[in-house]
Amino acid sequence: MSAIQHQNFSTSISSSTSTFLGKTEFKNIKTLNVLIPSKISGVVKCVASPSAEKTTAYKTKVSRNENMAKLQAGYLFPEIARRKAAHMSKFPDARVISLGIGDTTEPIPEVITSAMSKRSYALSTVDGYSGYGAEQGEKKLRASIASTYYANLGIEEDDIFVSDGAKSDISRLQVLFGSNVTISVQDPSYPAYVDSSVILGQTGQFQKDVEKFGNIEYMRCTPENGFFPDLSTVRRTDIIFFCSPNNPTGCAASRDQLTKLVQFAKENGSIIVYDSAYAMYVSDDSPRSIFEIPGAKEVALEVSSFSKYAGFTGVRLGWTAVPKELLYSNGFPVAKDFNRIVCTCFNGASNIAQAGGLACVSPEGIKAMQNVVGFYKENTDIIVDTFNSLGFKVYGGKNAPYVWVHFPGQSSWDVFGEILEKTHVVTTPGSGFGPGGECFIRVSAFGNRENVLEACKRFKQLYK
Ligand SMILES: Cc1ncc(COP(=O)(O)O)c(C=O)c1O
């Protein structure tokens, strides 16, 4: 795999939404001499932001979904894209480096793309053509995912539902549980859990004073508690969204901590939606799946994805594992209802993407994915070392492609603005992931090596 690839400087963003936006004031601090002539022309497309509001004479009689209106506080990644675009027009010659959104940059290994191109060409032949496939995914892929990621954990082929990615599955799971459930999330957390909950009507209004939605339990994760919530203070909810290794903090929960989480769910009769999208980045003995914890199959399901392993953020392929042992209060299997949701809301993942998925979990594919993950982990080490050498408190990074840097007493939007203004590097303000992210920024290790090194050089100049 080539270590250095050209960074995609397109600023087209269609990523996660968030409800936590703060004001930005760019402080006037020393400017770095990092302007480099650029061949970049960025076109900003914030697909999640509303199109320019037009005044039309005609209005339908349809009321706006009031839950959508609750999301009014804003969108994290489109807001970052907007600020990046404004920055680029202010500094047209700057070489802007994005370590902001969690999009991959390394090419997909050829063992995987060749399988996809083979399947793609076969679609032009009578024998090789296939139309709609099974909504749950191709049998062989389901079996391979089960044996690759859940060997000896009791998860079987028919527990695996192949999807077009973890984010879509998070929303499908919300549809599955409906509007009447209560949820808890880690604070900070990947914004899709909260926003999909708001859209489904599970929450109250956004409370500006605390920057939280009513009726969501925010489980604070801080350096003081090792980024694992103090469960003795957590209110019972029906559903617990839990992501490990975590986006954005980059921290993975230990076996002991996850055992406590499973016990907590069991005592409360809750269901854990465990997001393991970064499991392949674990390099210590932290569990890679919640099903490594005894008893988890009765209280948890797991969403995961090839996005961050194989560079499938654009290809789109993920899965959800729903064990047969997971039952509702009336004894009905959750998997049966999820099957119904998948059949109703989804017509199955792309057959070309599934051919790629099958190649991913072949022995050569796994090796190739480990190389990709290893490359990003080297980037992570470079970023961690940089901030450590500058005297910052740095978290995460070890088991995830995200570095969580502490700026005590400072607004994370201010820090984001300062870094962008003075180094032309895009990061992500921690408060975009919930109030618990205030005073932090997330630096993503997804980037080509040249850019990561250059960004770190600029950080050193700024903070020396
Ligand atoms: C924690 C987490 N879950 C899910 C996703 C979405 O993954 P996918 O690309 O499979 O939709 C992301 C993407 O950044 C993520 O960080």
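In each ligand, atom 1 is the first atom listed, and ligand 1 is the first ligand listed. Note that the structure is a prediction, hence the values are computed from the model and not measured.
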Atoms of ligand 1 close to [X] [distance to a heavy atom under 4.0 angstrom, numbered from 1]:
{"X": "N247", "answer": "1 (C), 15 (C), 16 (O)"}
{"X": "S305", "answer": "8 (P), 10 (O)"}
{"X": "G165", "answer": "10 (O), 11 (O)"}

Cation-pi between R172 and F346: NZ/CZ under 6.0 Å from ring centre and within 45° of the ring axis?
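Judged by the rule, R172 and F346 form a cation-pi pair.
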Taking all atoms of both residues into account, what is the closest heavy-atom pair of V96 and K84, and its distance?
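Reported closest heavy-atom pair: CG1-CE, 3.8 Å.
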Determine the minimum heavy-atom distance between L141 and G357, stating which atoms define it.
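What the structure gives for the nearest pair is CD1-C, 3.6 Å.
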Side chain to side chain contact (heavy atoms under 4.5 Å, CB included) between V315 and I352, worked out
CA-CA 9 Å; V315 172; I352 298 169; over 6 Å; no
Would you say the rings of F227 and Y395 are close, in the sense that their centroids are separated by under 6.0 Å?
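Judged by ring-centre distance (under 6.0 Å), Y395 and F227 do meet the cut-off.
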Ring-ring centroid check Y278 Y402, cutoff 6.0 Å:
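Close enough - the centres of the two rings lie under 6.0 Å apart.
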Proximity of Y278 to ligand 1 by residue part, where a heavy atom lies under 4.0 Å
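Side chain only; the backbone of Y278 stays clear of ligand 1.
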Restricting to pairs with a member in residues 301-319, which pass salt bridge (Lys or Arg N to Asp or Glu O under 4.0 Å), not counting sequence neighbours?
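Sorted pair list comes back empty.
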So is [X] close enough to ligand 1, meaning a heavy atom under 4.0 angstrom away?
{"X": "T313", "result": "no"}
{"X": "F306", "result": "no"}
{"X": "C243", "result": "yes"}

Any N or O of [X] closer than 3.5 Å to N or O of ligand 1:
{"X": "A166", "result": "yes"}
{"X": "S168", "result": "no"}
{"X": "Y190", "result": "no"}

Applying side chain to side chain donor-acceptor pair (under 3.5 Å), name anything that partners D158, two or more places apart in sequence or on another chain.
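By the side chain to side chain donor-acceptor pair (under 3.5 Å) rule, D158 matches K324.
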Of D275, D103, T104, N246, which has the heavy atom at the shortest distance from atom 1 (C) of ligand 1?
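Considering heavy atoms of D275, D103, T104, N246, the nearest to atom 1 (C) of ligand 1 sits in D275.
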